[in-house]
Protein chains: 2
Amino acid sequence: MYIRIRPDSETPIYTQLIYQIKKGILRKELLPGEGLPSVRSLAGDIGINMHTVNKAYKLLVEEGVLTQQKKGFIVNSDTKLEIQPPHLLLYKERLEALVIDTQIFGMSEEMVEQMKQEIEATLKKDDEK
Amino acid sequence: MYIRIRPDSETPIYTQLIYQIKKGILRKELLPGEGLPSVRSLAGDIGINMHTVNKAYKLLVEEGVLTQQKKGFIVNSDTKLEIQPPHLLLYKERLEALVIDTQIFGMSEEMVEQMKQEIEATLKKDDEK
DNA sequence: TTTTTGTTCTATTTGACATATAACAAAATT
DNA sequence: AATTTTGTTATATGTCAAATAGAACAAAAA
């Protein structure tokens with residue numbers, strides 16, 4: 001699985017990593033129950049620190065996306081993964097900010113819908129594209 | 001116009017202020033051409049520092065939401081305010097992150113749509129509600 | 001037995017955020 | 001004309017998150 005990190009981005013590395021992994025799961029490049037690389041190996045591969053990878057993994061566990069076994073992290077196999085209240089609150093805040101900017105800049109509903117569909121296309125298996 | 005700041009929020013104060021002002025414009029509590037309170041008076045009113053207000057104002061000018069006269073900041077009167085490329089990029093990144101979380105947590109399209117409409121209701125003039 | 005795993009701890013560096021204070025020129029007010 | 005208000009600029013300080021570095025540990029896997 002490909003992971004690309006932009007060190008100079010405003011977005012923290014651990015946040016970038018979190019979304020790269022979520023992307024991998026949605027694209028089925030990471031399957032339920034599949035193990036993730038160890039914090040040390042992944043850190044070494046993409047050239048970042050071990051603790052940064054560990055932070056991303058632990059936050060993903062906290063969200064329920066990953067689970068933790070005695071040894072190592074794996075993709076959660078639960079069919080129904082529901083968002084927890086504190087994360088739902090953050091989700092709503094992000095949605096509100098996006099809606100506000102959409103209206104402030106007078107972006108049409110079609111324009112947003114098109115962008116959304118372009119994004120969704122990148123989140124499908126290569127097979128289905 | 002009401003402005004409420006949560007000092008303990010993860011969101012920086014200047015960012016909170018930016019969205020409060022955008023909200024005020026959408027709700028028509030701030031009209032095109034209308035002047036905003038001076039950085040000192042607003043800072044004093046809501047109990048934050050002058051430079052924090054100034055930072056929010058300047059960023060809003062940079063986005064085209066406000067303009068600056070010889071003296072003071074005013075709401076931009078341009079009918080067509082179009083988003084600039086760098087801001088559009090950030091917008092797309094935020095939209096992507098939201099779409100990813102929507103799918104990862106298996107949220108239905110109806111659920112998102114409902115949340116969106118609840119938000120949009122808060123962005124209308126009180127008259128229209 | 002050796003290696004690998006995540007965990008924990010201490011330490012350091014960097015930058016953003018926010019505040020505080022002061023001084024300035026230009027504009028508005030009195 | 002004098003005073004006040006405006007945004008601007010500069011310096012300084014404190015706090016915190018992010019990221020790195022290195023070391024040590026017990027438990028599990030090889």
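Note that these values count all heavy atoms, side chains included, but never hydrogens, waters or copies made by symmetry.
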Can you check whether [X] has a side-chain N or O nearer than 4.0 Å to OP1 or OP2 of [N]?
X     : N     : value
A/K58 : C/dT7 : yes
B/Q68 : D/dT8 : yes
B/S38 : D/dT6 : yes

Can you list everything that forms a salt bridge (charged side-chain N to carboxylate O under 4.0 Å, His left out) with [X]? Sequence neighbours excluded, please.
X      : value
B/E93  : A/R6
B/K125 : B/D127
B/E109 : A/K116

Please give, in whole Å, the distance from [N] [atom2] to [X] [atom1]?
X     : N      : atom1 : atom2 : value
B/F73 : D/dT6  : CZ    : P     : 12 Å
B/L60 : D/dG7  : CG    : P     : 14 Å
B/I5  : C/dC17 : CD1   : C1'   : 14 Å
B/L17 : C/dC17 : CG    : P     : 14 Å
B/L42 : C/dA18 : CG    : P     : 14 Å

Review item, side-chain donor-acceptor pairs of residues 35-47 of chain B, under 3.5 Å, at least two apart:
{"residue": "B/S38", "atom": "OG", "partner": "B/S41", "partner atom": "N", "Å": "3.2"}
{"residue": "B/S38", "atom": "OG", "partner": "B/S41", "partner atom": "OG", "Å": "3.1"}
{"residue": "B/S41", "atom": "OG", "partner": "B/S38", "partner atom": "N", "Å": "3.3"}
{"residue": "B/S41", "atom": "OG", "partner": "B/S38", "partner atom": "O", "Å": "3.1"}

Notebook entry, point to check: Would B/Y91 and A/T102 count as having a side-chain donor-acceptor pair, cut-off 3.5 Å?
Noted result: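 Yes, because at least one side-chain N or O of B/Y91 sits under 3.5 Å from a partner of the opposite role on A/T102.
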Notebook entry, point to check: What string of B, S and - do you get for nucleotides 12-22 of chain D, 5' to 3', if B is base contact, S is sugar-phosphate-only contact and - is no contact with any protein heavy atom under 4.0 Å?
Noted result: ------SSBBB
Check: When you check every protein heavy atom under 4.0 Å of nucleotides 24-30 of chain C, what one-letter string (B, S, -) results, 5' to 3'?
Finding: --BB---
Next item on the list: Please collect all salt bridge (Lys or Arg N to Asp or Glu O under 4.0 Å) contacts where either partner lies in residues 25-35 of chain B, sequence neighbours excluded, each pair once.
Entry: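 Non-adjacent pairs meeting salt bridge (Lys or Arg N to Asp or Glu O under 4.0 Å): B/R27-B/E29, B/R27-B/D126.
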Check: For A/H87, which residues count as a side-chain contact (heavy atoms from CB on, under 4.5 Å) partner, sequence neighbours excluded?
Finding: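 So A/H87 forms a side-chain contact (heavy atoms from CB on, under 4.5 Å) with A/E62, A/E63, A/I83, A/Q84.
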Check: Sequence neighbours excluded, which residues qualify as side-chain contact (heavy atoms from CB on, under 4.5 Å) partners of A/Q69?
Finding: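 Result, side-chain contact (heavy atoms from CB on, under 4.5 Å) vs A/Q69: A/I74.
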